[in-house]
Amino acid sequence: MDLIVARGRDDLVKARRAGTVALVPTMGALHEGHRSLIRQARVRADQVVVSIFVNPLQFGPNEDFSRYPRTFDADLEVCREEGVDVVFHPAADDLYAADRQVSVSAGEMGRVVEGAFRPGHFDGVLTIVLKLFNLVQPDLAVFGQKDAQQLALIRRMVADLDLPIEILGAPTVREPDGLALSSRNRYLSDGDRQVAVTLSRALRAGAARFTPAEIRQTARAVLDEAGPGLDLDYLALVDPATFAEVSEGYEGLAVLAVAAKVGSTRLIDNVTLTLNPA
Ligand code: AMP
């Protein structure tokens, strides 16, 4: 079946087939990480919808909205190769009325860790995701663990607002040397690229230790070795459900998350680990 490009609600309604629908929300510039999400959706649903929309609401005034990569034709090709049924590619003006008033608040959990460096970011993410859920009406939706706080907040939104949608988390796809794939990696110069791998190296080194203090210290030491080419925003060891920092003695799953600017590019990464396994 040919790939359908939908621009609005009417197109989506027309494209709808019987059976389960999976949504994979993206901002385009699709890479292997996105492909892995699409494949997970393909296995679970009769119809796969990929949304491609660079959401202005989730970018701060000094962030990279205008220079975010837009590669729509190449993205369509990726979607064709992966057997996607519908690409939803709305125009910002159609999605957001000039006089809109109501949006979703991510609450306190949206103001910590990544949210502390990007005020309003998660409100913007949850608002677009809820709008996409309402427009596409999927049975399930797939998100990457690469954006761990986003995934956790989407799970909270689904629980707190009683949304009838199953959320699937997909593992982070990495380059052979460990760098997490990101649409923003294309901004990295050769020199930046060498430095960027420090993020995943630091997370791996930290995850090999056992107590919160050791984990933080070890990861921090690796980040420090990178020198001035790496401008750290945060290194955080948090409870995956709340994104609150964990204390000594914490038991169970934790997320070790990092964000840093490498050159002019801001990168994030994280790993999940288990503390004090019995
Ligand atoms: P984005 O286009 O960056 O908004 O990402 C769209 C979806 O792809 C989100 O759910 C991301 O978490 C996910 N994603 C981005 N990079 C990766 C990756 N390297 N591995 C797996 N999923 C990813």
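The first residue in the sequence is number 1, and the count goes up from there. Just follow the structure's listing: the first ligand is 1, and inside any ligand the first atom is 1. Side chains are part of it too, since the values below use all heavy atoms of this structure and drop only hydrogens, waters and symmetry mates.
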Item to check | Nearest non-hydrogen partners of G28 and I52, listed with the distance | outcome: CA-CG2, 3.8 Å

Checklist entry - Hey, which atoms in ligand 1 end up nearer than 4.0 Å to a heavy atom of L181? => result 16 (N), 17 (C), 18 (C), 19 (N)

Checklist entry - Tell me: protein heavy atom nearest atom 21 (C) of ligand 1, and distance? => result P171 O, 3.4 Å

Checklist entry - What part of H31 sits under 4.0 Å from ligand 1 if we count only heavy atoms: the side chain, the backbone, both or neither? => result side chain

Checklist outcome for this item: Note: ligand 1 atoms sitting under 4.0 Å from heavy atoms of G33 are 18 (C), 20 (N), 21 (C), 22 (N)

Checklist outcome for this item: Nearest non-hydrogen protein atom to atom 12 (O) of ligand 1, with distance, is D147 OD2, 2.6 Å

Item to check | P25, portion touching ligand 1 at heavy-atom distance under 4.0 Å | outcome: backbone

Checklist entry - For atom 10 (O) of ligand 1, what's the nearest protein heavy atom and its distance? => result G144 N, 2.8 Å

Next on the checklist: Tell me the protein heavy atom at minimum distance from atom 20 (N) of ligand 1, and give that distance in Å.
Outcome noted: V173 N, 2.8 Å

Next on the checklist: Heavy atom to atom 5 (O) of ligand 1, shortest distance: which of H34, Q145, E32, M27 holds it?
Outcome noted: H34

Item to check | Subset of ligand 1 atoms that lie under 4.0 Å from at least one heavy atom of F143 | outcome: 10 (O)

Next on the checklist: Any heavy-atom pair between the side chains of I128 and L95 that's under 4.5 Å?
Outcome noted: yes

Item to check | Candidate pair R204 and V271, rule side chain to side chain contact (heavy atoms under 4.5 Å, CB included), full reasoning | outcome: CA-CA 8 Å; R204 267 206 315 277; V271 291; 5.6 Å; no

Next on the checklist: Give me the residue, atom name and distance of the protein heavy atom closest to atom 3 (O) of ligand 1.
Outcome noted: Y68 OH, 3.8 Å

Checklist entry - Is there side-chain contact between F143 and L168, with heavy atoms separated by less than 4.5 Å? => result no

Next on the checklist: Run the side chain to side chain contact (heavy atoms under 4.5 Å, CB included) test on V5 and L76 for me, step by step, so that the C-alpha distance in whole Å, both residues' side-chain angles and the decisive distance to 0.1 Å come before the verdict.
Outcome noted: CA-CA 9 Å; V5 177; L76 278 187; 3.9 Å; yes

Item to check | Polar side-chain atom of E248 near backbone of A213 as donor-acceptor pair, under 3.5 Å | outcome: yes

Item to check | Closest approach of P212 to L237 (non-hydrogen atoms, all atoms of both residues) | outcome: CA-CD2, 3.6 Å

Checklist entry - When you look for heavy atoms under 4.0 Å from ligand 1, do you find them on the side chain of L37, its backbone, both, or neither? => result side chain

Item to check | Ring centre gap for H89 and F53 strictly below 6.0 Å | outcome: no

Item to check | With D85, the side-chain hydrogen bond (donor to acceptor under 3.5 Å, both in side chains) member among Q47, R16, R42 | outcome: R42

Checklist outcome for this item: If we number the atoms of ligand 1 from 1 as shown, the ones under 4.0 Å from a heavy atom of T26 are 2 (O), 6 (C)

Checklist entry - For ligand 1, which atoms have a heavy atom of T172 less than 4.0 angstrom away? => result 19 (N), 20 (N), 21 (C)

Next on the checklist: Can you report which non-hydrogen protein atom sits closest to atom 23 (C) of ligand 1, along with the distance?
Outcome noted: K146 CB, 4.0 Å

Item to check | A106 versus D123, closest heavy-atom pair with distance | outcome: N-OD1, 2.8 Å

